[in-house]
Number of protein chains: 2
Amino acid sequence: MYICNMSNSKLYKGSLNTIILKLLNEHDKMYGYEITQKVKVLTKGELNITEGALYPALHKLEAEGLLDVELAKVDNRLRKYYKLTETGTKETISKLNELAEYIKTMQKLVNPKLV
Amino acid sequence: MYICNMSNSKLYKGSLNTIILKLLNEHDKMYGYEITQKVKVLTKGELNITEGALYPALHKLEAEGLLDVELAKVDNRLRKYYKLTETGTKETISKLNELAEYIKTMQKLVNPKLV
DNA sequence: CCTTATGTATAAGAATCTTAGGTATTATTT
DNA sequence: AAATAATACCTAAGATTCTTATACATAAGG
């Protein structure tokens, strides 16, 4: 028996906020653990959001007024549902544009013929 | 008269090494200042590599054995030409694959219909 | 003479991530 | 029944990478 240590391809700086915002933009409300699972499924295990990155990021987005929190108890376990605020929705669009720009920029650099 | 402060779209973590390696892969040998200028031109001013990021990155890549250095004096000014080592060339390919994977992964997350 | 361009470098600080712990309940396996 | 895995939250220490600011030096241009 051995343990498969899938080398989690590293997040690029700033990606996480974009991912969180985009997922909340699609799913109305989500809780932290749910986000980690969703990312796993969507990326087929390629990306594992670590809790040490996720929870501080959620707290910060909340503090910045981009997310609202709603507490829930399910099966006697706490859940914190996060939801985009109006500002959060605007920021989501902005972040997605930034990401698209970034990808274009990188393609100019690494694949100049195709751009 | 006012100063146009083009908000330098931020680098995502880890991008810089990939950019450096890819440029050196294409141009045989380059010096630091040349790299900053090349990136400006290729990205039409969208990306400005700061010296505070570039020089430490070059030094680290050299220390890791991915780059070789060659000193030159042009117009009485020092230049440090960097060139890929054999290991550096392999690492370049690996980094470019990583970047391509990363972009695919992000597109699964932010644009799941298209992927 | 002063500023801009060319060319290198480092140090302090911010931001974001990984790793490694911690707590607690429920479900599953042994 | 007991141990482990899954669910669900959290934080702290450390690594890494970037920005900002500064420094030094030569050449060119106004």
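These numbers come from the heavy atoms of this one structure, side chains and all, not from hydrogens, waters or symmetry mates. So you know, we letter chains A, B, ... as the sequences are listed, proteins then strands, and number each from 1.
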Checklist entry - What closest approach, in Å, do B/G65 and B/T85 show between heavy atoms, and which atom pair accounts for it? => result O-OG1, 2.6 Å

Item to check | Phosphate-side-chain proximity, B/K73 and C/dG7, N/O vs OP1/OP2 below 4.0 Å | outcome: no

Item to check | B/N17 CG - D/dT17 C1' separation (whole Å) | outcome: 9 Å

Next on the checklist: Expressed as a whole number of angstroms, how long is the span from A/I49:CD1 to C/dC17:P?
Outcome noted: 8 Å

Checklist entry - Are side-chain heavy atoms of A/Y82 and A/M30 found at a separation under 4.5 Å? => result no

Can you give me the N/O atom pairs linking the protein to nucleotides 11-15 of chain D at distances under 3.5 Å, or say none if there are none?
from	atom 1	to	atom 2	distance (Å)
D/dT11	OP2	A/H59	ND1	3.4

Next on the checklist: Would you say that B/D68 contacts B/L84 through its side chain, given a criterion of any heavy-atom pair below 4.5 Å between the two side chains?
Outcome noted: no

Next on the checklist: Closer than 4.0 angstrom, basic N to acidic O: yes or no for B/K108 and A/E46?
Outcome noted: yes

Checklist entry - In whole Å, what is the span from the CD atom of A/E62 to the C1' atom of D/dC10? => result 14 Å

Item to check | Spacing between B/R79 atom CZ and C/dA5 atom C1', to the nearest angstrom | outcome: 13 Å

Checklist entry - With a cutoff of under 4.5 Å between side-chain heavy atoms, which Ile, Leu, Val, Met, Phe, Trp and Tyr residues group with A/L78? => result A/L71

Next on the checklist: With heavy-atom distances below 4.5 Å as the criterion, would you say the side chains of B/L47 and B/I19 are in contact?
Outcome noted: yes

Next on the checklist: Among residues at least two apart in sequence or on other chains, which ones pass salt bridge (Lys or Arg N to Asp or Glu O under 4.0 Å) with B/E51?
Outcome noted: none

Checklist entry - Within less than 4.0 Å of OP1 or OP2 of C/dA24, is there a side-chain N or O belonging to A/N76? => result no

Checklist entry - According to a 4.5 Å side-chain heavy-atom criterion applied to Ile, Leu, Val, Met, Phe, Trp and Tyr, with indirect links allowed, do B/V69 and B/L61 form part of one hydrophobic cluster? => result yes

Could you pull out the protein-nucleic contacts involving nucleotides 28-30 of chain D (nitrogen or oxygen on both sides, under 3.5 Å)?
none

Item to check | Interatomic distance where NZ belongs to B/K80 and P belongs to D/dT26 [whole Å] | outcome: 18 Å

Checklist entry - Got a sec? Which of residues 29-39 of chain A come in under 4.0 Å of DNA chain D, heavy atoms? => result A/Y31, A/G32, A/Y33

Next on the checklist: Filter on side chain to side chain donor-acceptor pair (under 3.5 Å), then keep only pairs touching residues 28-43 of chain A, sequence neighbours left out; what's left?
Outcome noted: A/Y31-A/R79

Checklist entry - NZ of A/K40 versus P of D/dT7: gap in Å, rounded? => result 8 Å

Item to check | Residue pair B/A57 / B/I20: nearest heavy atoms and the distance that separates them | outcome: CB-CD1, 3.9 Å

Checklist entry - How many Å lie between CG on A/L61 and P on C/dC17, as a whole number? => result 10 Å

Checklist entry - Under 4.0 Å between a side-chain N/O of B/K60 and OP1 or OP2 of D/dT16, yes or no? => result no

Checklist entry - Taking CG from A/N48 and C1' from C/dA20, how many angstroms apart are they, rounded to a whole number? => result 16 Å

Next on the checklist: So, taking the atom named CD in B/E98 and the one named CD1 in B/I103, what distance separates them when rounded to the nearest 0.5 Å?
Outcome noted: 12.0 Å

